[in-house]
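First up is the structure itself, then whatever we jot down about it.
Because the structure is a prediction, the values reported are computed rather than measured. Atoms considered below: every heavy atom in the structure, side chains included; atoms not considered: hydrogens, waters and symmetry mates.
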Amino acid sequence: MAATIEADRYRKRFGTISEALRVRPRLLAAALVAFVLAWPVAAPMAASGPWMSGEIVRARLLTAADTAGSDKEVRAGLQVAMGDGWDTYWRSPGDAGTPPAVDWTGSVNVASVDWRWPAPTRFTLFGLETFGYFDKVVFPLTIVSERPGEPVALRGRLDILVCSTVCVPKSLELSLDLPAGAAAVDPEAANLIARYEARVPDDGSRSGLAVDGVAALPGNPAALEVRISSRQPLSAPDVIVESGRWTFGRPEFSFSADRGTATALLPVTSGPDVVSMPGSDVTVTLLDGQRASETRGTVAAGATRAGWGSLLPFLGVALLGGLVLNLMPCVLPVLSLKLMAALRHRGQARRQIRLGFLATAAGVVASMLALGGALAVLKAAGLAVGWGMQFQQPVFLVAMAAALAVFAASLAGLFEIPLPSRLATAMGRAGGDGLAGSFAAGAFTTVLATPCSAPFVGTAVGFALARGPAEILAIFGALGVGLAAPHLLGAAFPGVVRLLPRPGWWMIALRCVLAIALTGTAAWLLTVLAAQTSWLAAGAVAAALVVLTGALALRPRIGSPAAAVVVVLALLGAGTAPAVLRAAPPNAAATAWAPFDEAALRRFVAEGKVVFVDVTADWCANCKVNDALVLERPEVAAALAEPGVVAMRADWTRPDVRISDYLANNDRFGIPFNAVYGPGAPRGIVLSEVLSREAVLDALRRARGADLAPVR
C-alpha cells in the first residue's frame, strides 16, 4: 500500500519514466556536455613521456602540466623504477659506481635542463661504501625553454648503472612533448615531483642542519673532523664529504648530551697526504632521517692524531727495505763499484780499510737523506712526488749516462784524473784511492738504486711521503742505512778484505768486464731517454759521450794504445746499435694492454669484470724483470687475455699526474706496482714488487669471485 502511494506521487510529479525521457532529452544532453567541458578544469592531465624499459630498469619523463605554458621554466622530473633489490647511484657514487647521466642533444626549444639530486642512502656493494637509491627515484628537473610559450620537445639518452649482486649498465632513449597553451597543474604529478624536491638537500634554513667546521687530522690513521649542529635532536645522522682528491669512510659520531651538536670523524681511505688537505674545498652533505642539507666549505688544519711512536715500526721496515734493495736489479750495475771498492782496500791497513768502507756508507746515507729532503721540499711546494721520479727527467738521464761513461772509462784504464779537482774527478777516481772517491761511489749507488722499488721499500716510502718533513728524513735515513749495510759490515770486519785473492791479471780482466757492465747501464739509460724524447736525441747524446770519453782518454797521450781501445769500443757500440734498436719479436701469447684509465677501471669492476693494473716505466729495471719472468710467460699472458679480464698498463716513463694520484691513493710512491680488481676484490689486491706466476694467477682467481655471478 505504501509502495503504491509513493508511485502515485512520483507519477504526479515527474510523469512516467518514458514521459520524463521524452520531455527532458535536451536537459540530459546539456548536462553531459557541461560535464565533459568541465573535466579538464577539474582534473588537468599531466604530460609524461612513454616508459622506456631496460628489463631491470625503466624510466620516463613527466611534468606537472600538459603544456609548455607561458613561463620560461617548466617543472619536470625523471622517474626511474628498478626491480626489487636493484639500486642506482648518487652524483658522487662513493668507492665504486657511476652516477646516471642524460645527454639532451636533439631537444627542441630547450636552452638547458637543471638536474637536482635527492638525498641518497648509504649502502655497501661488494664491501664498498657507496651512495644511491633503492628501487625507485624521481630526479627533479627544471626545463628552461629558449622561446617561452612555444612547444617544447625534450629528447634525452639516459645512461644508468643499476646494481644488485652484479652491476649492469643500461641506455634508454627518453622523450617528452609539451604543446603550446596555458598550463594547468595536475595535483598527483605535482605532488610526486614535490616529494622528491623536498628531499634535495637545502642550505640548512629548512632542515635545521648546519656544518660548524671541517678540519683535517693528520696521523695514523688520518681522519677528517666534521662538527655539526641541529635545531632538533639528531636521531640517526650521516655525513657525506665530496672532495676531488680524497675519499672517506663511514663516520663515527660523538654527541652532546642534548644531541643538538655532534662531531663526526671520517677515516681517510684514499688520497694524497692529509697534511696537504687544509685549504682544499669540500662539499659536506648532512643527512638525518628525512632532513638533508648541503654546505660548501674549506678544510682547516687540525691536531695530529698520533705521535712519533707510530714511526718506529716503519723505521724497521725502511731499514729492512734498504737491505733488500741491495739485491734488486737496479743495484746490479753498481755492484762493480762495490767490488772494486773492496779490491781497492786489499793490502791496506785496517784503519784505512775501515775508513774507506765508512766513507762509502756515508755517501749512501748522505745521498739518501738529500733525496728525502728534496722530495720533502717538492711535496711542501704542492708538487707530486715519488720514488725514482728523477728518472722521468731527460736532463737527469743525460747526466747519469755521462757519469756512467766516465766511471766505465776509468775502470777500463783509459785515463786517470787526480783528486780532488772537481766532481767529475771524484767520479773518475771512484775506483782509486781516497775517501772522496769512496764517498762518491756510495752516493752513486743510491742514485742508481732509486729507479726500482723492493719489498718493504714501497711501504716505507709510502708512509714517509704521506707524512711531514721530519718523518720523510727519518725514513729515508733508515733506507740509507739499510742500503749501506754491506759497507758497514766491511767497516766492522775489515779483515774480510784479506780473504780476497792477490792482485794479478784477473783484476785487469775484471775491471774490463765491470766497465762493459757500466757501459751497458749507460746504454740502457739512453734507451729510456729515447722513450721520453726520440731516438735521434738519444743517438746525439751517445755520440757526444763517445767523443767525451775519447777526448779524456786521448788528451794526455795521443797515439797511445788507448786510442785503439776507444776505436774498438766505438765499433762495438756501432755493431750492437742495430740489435738495440730492433724491436723484440712479439710473444705468441702477448697481452693486449689497454691504456690506464681509473674511471674505466671502476666501470669494468662494476660490470663484473676483472682488471689487472700494471704500473711500469722504461727506467724501472724491476718492472722489466717482472715482465720477462712472469707477465710475458704463456700461462700468465693467456690468463690476462681471457674473456672478462682487462689488462691495463700505466706507463710512468714520463710524469703523469693521473698515475701519480693513483699510486698515492694506494699509499704507494714507487714502482713496480701491480693490483688486481674484480667482483671478489673491488678494493684491489696489491701484489708484491717481485711478482710470481702463482701470485698473479691466484689474485686473478680471487678477484673474479667464485661466489658471485659469472663474468659477462
Side-chain angles (χ1 to χ4, degrees), residues 89-97 99 117-125 127-133 199-307 310 466 665 667 683:
Y89 293 97
W90 187 47
R91 69 182 181 211
S92 180
D95 293 336
W117 299 87
T121 299
R122 181 191 293 267
F123 53 88
T124 302
L125 177 68
L128 303 180
E129 292 294 324
T130 51
F131 313 104
Y133 311 96
R199 295 171 58 181
V200 175
D202 67 349
D203 60 359
S205 57
R206 184 182 73 250
S207 63
L209 296 171
V211 175
D212 296 333
V214 182
L217 305 181
N220 188 25
L224 186 73
E225 179 187 73
V226 180
R227 298 184 301 277
I228 62 178
S229 60
S230 173
R231 285 200 298 262
Q232 63 187 65
L234 294 163
S235 57
D238 195 2
V239 178
I240 303 174
V241 178
E242 298 172 82
S243 170
R245 304 174 64 193
W246 293 270
T247 59
F248 307 92
R250 185 183 293 270
E252 296 181 0
F253 289 92
S254 57
F255 298 93
S256 62
D258 60 356
R259 298 183 73 90
T261 61
T263 299
L265 289 181
L266 290 79
V268 179
T269 56
S270 66
D273 183 6
V274 178
V275 298
S276 63
M277 189 184 295
S280 61
D281 296 329
V282 294
T283 299
V284 181
T285 301
L286 302 180
L287 309 173
D288 188 35
Q290 297 299 314
R291 300 184 298 155
S293 71
E294 178 180 303
T295 304
R296 289 181 172 85
T298 302
V299 179
T304 302
R305 300 188 70 204
S310 61
N665 291 341
D667 294 325
R683 293 183 182 272

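- The CZ atom of R259 lies 10.5 Å from the OG atom of S230; values are rounded to the nearest 0.5 Å.
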Quick one, W90 with E242, criterion side-chain contact (heavy atoms from CB on, under 4.5 Å). Give me CA distance, side-chain angles, the key distance, then yes/no. CA-CA 12 Å; W90 187 47; E242 298 172 82; 3.4 Å; yes
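- Within the model, atoms CZ of F131 and CG of D95 stand 7.5 Å from one another, a figure rounded to the nearest 0.5 Å.
- Residue I240 holds its CD1 atom at 5.0 Å from CG of L287, rounded to the nearest 0.5 Å.
- Counting heavy atoms from C-beta outward, V282 and W246 have side chains that stay 4.5 Å or more apart.
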Show me, pair by pair, the donor-acceptor contacts under 3.5 angstrom made by side chains of residues 221-228, not counting sequence neighbours?
| from | atom 1 | to | atom 2 | distance (Å) |
| --- | --- | --- | --- | --- |
| E225 | OE1 | R227 | NH1 | 3.1 |

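- Nearest heavy-atom pair, P99 versus Y89, reported as atom, atom and distance to 0.1 Å: CA-CB, 4.1 Å.
- Here the closest heavy-atom approach between residue V214 and residue V211 is recorded as CG2-CG1, 3.8 Å.
- Heavy atoms only, all atoms of each residue included: P251 and A264 are closest at CB-CB, 4.1 Å.
- Expressed to the nearest 0.5 Å, how far CG of L286 lies from OG of S207 amounts to 8.0 Å.
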Apply side-chain contact (heavy atoms from CB on, under 4.5 Å) to the pair Y133 and T121, showing each step before the final yes or no. CA-CA 6 Å; Y133 311 96; T121 299; over 6 Å; no
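- Shortest non-hydrogen contact noted between V299 and A216 is CG1-N, 3.5 Å.
- P233 has its side chain out of reach of F255: every pair of non-hydrogen atoms, C-beta onward, lies at least 4.5 Å apart.
- Taking CZ of R291 as the start and CG of L234 as the end, the distance is 6.0 Å to the nearest 0.5 Å.
- The closest side-chain heavy-atom distance from D281 to R296 is not below 4.5 Å.
- Side chain to side chain, D202 and S293 fail the donor-acceptor criterion of an N or O pair below 3.5 Å.
- With rounding to the nearest 0.5 Å, the separation of CD in Q232 from CG in D288 is 7.0 Å.
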Output, in order, the C-alpha distance, side-chain angles, deciding distance and verdict of side-chain contact (heavy atoms from CB on, under 4.5 Å) for L265 and L217. CA-CA 9 Å; L265 289 181; L217 305 181; 3.7 Å; yes
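- Between the side chain of R231 and the main chain of S205, a donor-acceptor pair closer than 3.5 Å is present.
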